[in-house]
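Presented below is the structure to which this report refers.
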Amino acid sequence: MKRLLCGLLSAVLLLSLCGCTSAYQESDKLQVVCTLFPYYDFARVIGGNGVDVTLLAAPGKETHSFEPTPLDMVRVSKADVFLYNGGESEQWVDDILSSAGKDIPVTAAMMELVELEREEIVEGMQVGESHEDEDSDEIEYDEHIWTSPVLAQSICWGICGALCKADWEHAEDYVARTDAYVAQLGELDAAFRKVVENGQRDTLVFGDRFPLLYFCKTYDLNYRAAFHGCAGDTEPSLATLKFLIDKVNDEQIPVVYTIELSSQKVAQAIAETTGAKVVTFHSCQQVSRKDFDNGVTYLDLMWGNVDALKEGLS
């Protein structure tokens with residue numbers, strides 16, 4: 001019980017900056033709207049049968065270029081709880097909050113719940129236009145915070161705090177479900193650590209975008225990739241492609257990774273040249289329509305990543 005209360009207190013404190021008030025009508029289920037799949041999945045687990053959770057970005061669609069429709073804006077304005085990431089890719093959220101934010105009882109930016117990492121450009125990675133100005137004082141933070149099971153635990157407590165603020169009457173239930181789910185995330189974390197500990201190497205190669213910075217930081221893994229996490233590029237330069245091919249050949253790396261919903265063209269080109277196997281590593285930012293309809297979860301995808309990581313480090 002002490003653990004539950006401490007977790008709840010931390011969550012509520014993290015969300016106190018939102019300046020939100022409770023406005024939940026007991027006759028209806030709590031309406032929760034989320035911008036990204038991980039938060040949608042966390043919210044439906046923590047909320048249980050007492051909440052209706054809506055995912056704004058349609059399954060199978062690119063989230064970095066998402067723009068809300070008028071119907072989406074209505075859904076957000078009528079939400080009891082609005083959970084969003086808060087990064088550069090969601091600048092449209094500011095417009096919604098400035099116009100309808102006062103009507104939403106609880107809003108929470110997930111990137112405010114964790115310590116952020118600056119986006120990195122590593123050796124061989126193709127540099128996009130937004131990263132060409134080396135003298136710029138603007139700090140660009142990587143947005144893919146949920147990819148670390150450790151940070152996911154903090155995010156879940158933050159979501160718990162948001163639900164409790166909107167519906168304090170059922171706070172004990174939200175806390176209990178969060179505590180149980182965080183324990184499952186702890187088991188996932190332990191599995192990843194065991195794979196890394198038993199691995200024969202510590203470098204991952206992505207023939208794709210790289211939205212796994214927080215994951216690699218958590219498990220002290222090195223990485224090389226064609227593009228950075230939020231890149232819109234699809235065709236790497238010859239220099240980038242050659243660098244990745246040479247990296248795989250020189251270090252005899254058995255796997256080249258790609259991410260979900262990718263064309264896999266770059267990874268396939270590297271694989272054909274090197275003999276490496278192409279393996280999908282799920283960032284969990286988005287899921288296919290088929291997976292969504294089949295009820296796939298964050299834990300399902302991340303346990304799949306445990307096996308994918310084992311292949312890459314063998």
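The figures that follow rest on heavy atoms only: side chains count, while hydrogens, waters and symmetry mates do not.
Between Pro254 and Ser314, the closest heavy-atom pair is CG-O, 3.7 Å. Across Met125 and Tyr223, no two heavy atoms sit closer than the pair CE-CE1, 4.0 Å. Here the closest non-hydrogen pair linking Val248 and Ala276 is CG1-CB, 4.0 Å. In this structure, Glu67 and Trp92 approach most closely via the heavy-atom pair OE1-CB, 4.1 Å. Between Trp157 and Asp179 the shortest heavy-atom distance is CZ2-OD1, 3.9 Å. Of all heavy-atom pairs spanning Ser89 and His64, the tightest one is OG-CD2, 3.5 Å.
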Exercise. For side chain to side chain contact (heavy atoms under 4.5 Å, CB included), just list the numbers for Leu241 and Ile270, CA-CA rounded to whole Å, side-chain angles, deciding distance to a tenth of an Å, and then say yes or no.
Key: CA-CA 7 Å; Leu241 190 59; Ile270 297 171; 3.8 Å; yes
Applying side chain to side chain contact (heavy atoms under 4.5 Å, CB included) to Phe243 and Glu123, what does each step give before you reach the verdict? CA-CA 9 Å; Phe243 176 87; Glu123 183 182 12; 3.5 Å; yes
Practice item. Output, in order, the C-alpha distance, side-chain angles, deciding distance and verdict of side chain to side chain contact (heavy atoms under 4.5 Å, CB included) for Ile159 and Met110. Key: CA-CA 8 Å; Ile159 292 174; Met110 300 296 99; 3.8 Å; yes
Step by step, work out the side chain to side chain contact (heavy atoms under 4.5 Å, CB included) result for His228 and Arg209.
CA-CA 5 Å; His228 63 85; Arg209 294 193 300 109; over 6 Å; no
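Residue pairs meeting the salt bridge (Lys or Arg N to Asp or Glu O under 4.0 Å) criterion with at least one member in residues 294-314, sequence neighbours excluded, are Lys277-Glu311. Residues in residues 281-297 take part in these salt bridge (Lys or Arg N to Asp or Glu O under 4.0 Å) pairs, two or more places apart or across chains: Arg289-Asp293. A salt bridge (Lys or Arg N to Asp or Glu O under 4.0 Å) check over residues 33-43, counting only residues at least two apart or in different chains, returns the pairs Asp41-Arg44.
Here CG of Leu83 is found 4.5 Å from SG of Cys34. Values are rounded to the nearest 0.5 Å. Taking CG of Leu97 as the start and CZ of Phe82 as the end, the distance is 6.0 Å to the nearest 0.5 Å. Going from atom CG of Asp72 over to atom CD1 of Ile96 covers 7.5 Å, rounded to the nearest 0.5 Å. The structure places CG of Leu36 at 9.0 Å from CG of Leu56, a figure rounded to the nearest 0.5 Å. Here the OG1 atom belonging to Thr218 is positioned 7.5 Å from the CG atom belonging to Asp189, to the nearest 0.5 angstrom. The structure places CZ of Phe215 at 13.0 Å from NE2 of His282, a figure rounded to the nearest 0.5 Å.
With contacts defined as side-chain heavy-atom distances shorter than 4.5 Å, the pair Leu204/Leu309 qualifies. In this structure, the side chains of Gln285 and His144 come closer than 4.5 Å at one or more pairs of heavy atoms. Side-chain contact between Leu244 and Val205: present, with at least one pair of heavy atoms (C-beta onward) separated by less than 4.5 Å. A 4.5 Å side-chain heavy-atom check between Val114 and Leu116 finds at least one atom pair inside the cut-off. A heavy-atom distance below 4.5 Å is not found between the side chains of Val76 and Tyr84. Side chains of Val196 and Asp220 form no contact here, defined as non-hydrogen atoms less than 4.5 Å apart. You'll find the side chain of Thr147 stays beyond 4.5 Å of the side chain of Cys284, heavy atoms only. Looking at heavy atoms from C-beta onward, Tyr298 lies in side-chain contact with Leu185 at the 4.5 angstrom threshold.
Other residues, nucleotides and ligands contribute at most 12 non-hydrogen atoms within 6.0 Å of the CG atom of Leu238. For Asn198, the CG atom sits in a packed shell: over 12 heavy atoms of surrounding residues, nucleotides or ligands are nearer than 6.0 Å.
Side-chain contact annotation: Thr280 with Glu260, donor-acceptor N/O pair under 3.5 Å absent. Judged purely by distance below 3.5 Å, without hydrogens or angles, the side chains of Gln31 and Asp52 pair a donor atom with an acceptor atom. Residues Thr63 and Gln286 bring no donor and acceptor atom of their side chains to less than 3.5 Å of each other. Judged by distance alone, the side chains of Tyr174 and Asp167 do bring a donor and an acceptor atom under 3.5 Å apart.
Partners of Asn85 under the side-chain hydrogen bond (donor to acceptor under 3.5 Å, both in side chains) rule, at least two apart in sequence or in another chain, are Tyr39. Judged as a side-chain hydrogen bond (donor to acceptor under 3.5 Å, both in side chains), and not counting sequence neighbours, Glu272 has no contacts. Residues satisfying the side-chain hydrogen bond (donor to acceptor under 3.5 Å, both in side chains) criterion with Thr258, sequence neighbours excluded, are Asp208, Ser262.
Under the 4.5 Å side-chain heavy-atom criterion for ILVMFWY residues, no single connected hydrophobic cluster contains both Val150 and Ile155. Tracing side-chain contacts under 4.5 Å through hydrophobic residues (I, L, V, M, F, W, Y), one never reaches Leu55 starting from Leu261; they form parts of separate clusters. Note: the hydrophobic cluster containing Val93 does not contain Leu71 (ILVMFWY, side chain heavy atoms under 4.5 Å, direct or indirect links). Residues Ile104 and Val74 are members of separate hydrophobic clusters, defined by side-chain heavy-atom contacts under 4.5 angstrom among Ile, Leu, Val, Met, Phe, Trp and Tyr.
Using a cutoff of 4.0 Å between basic side-chain nitrogens and carboxylate oxygens, Glu197 and Arg193 are not scored as salt-bridged. Between Lys217 and Glu120 there is a salt bridge, since a side-chain N of the basic residue sits under 4.0 Å from a carboxylate O of the acidic one.
The backbone N or O of Tyr214 lies less than 3.5 Å from no partner atom in the side chain of Glu117, so there is not a single donor-acceptor pair. When atom types are taken as modelled, the side chain of Trp146 and the backbone of Ser283 share a donor-acceptor pair closer than 3.5 angstrom. Put simply, the side chain of Gln200 never gets that close to the backbone of Leu313: no donor and acceptor are under 3.5 Å apart. Judged purely by atom type and a 3.5 angstrom limit, Thr240 uses its side chain to pair as donor or acceptor with the backbone of Gly124. A donor-acceptor pair is defined here as one N or O able to donate and one able to accept, closer than 3.5 Å; no such pair exists between the side chain of Glu251 and the backbone of Lys247. Judged by distance alone, with hydrogens and angles left aside, the side-chain atoms of Asn305 form no donor-acceptor pair with the main-chain N or O of Phe281 at under 3.5 Å.
Ring-plane geometry between Phe192 and Tyr219 is classed as tilted, the angle between the planes lying from 30 to 60 degrees on a 0 to 90 degree scale. The aromatic rings of Phe206 and Phe210 sit perpendicular to each other, their planes meeting at more than 60°, with 30° as the lower class boundary.
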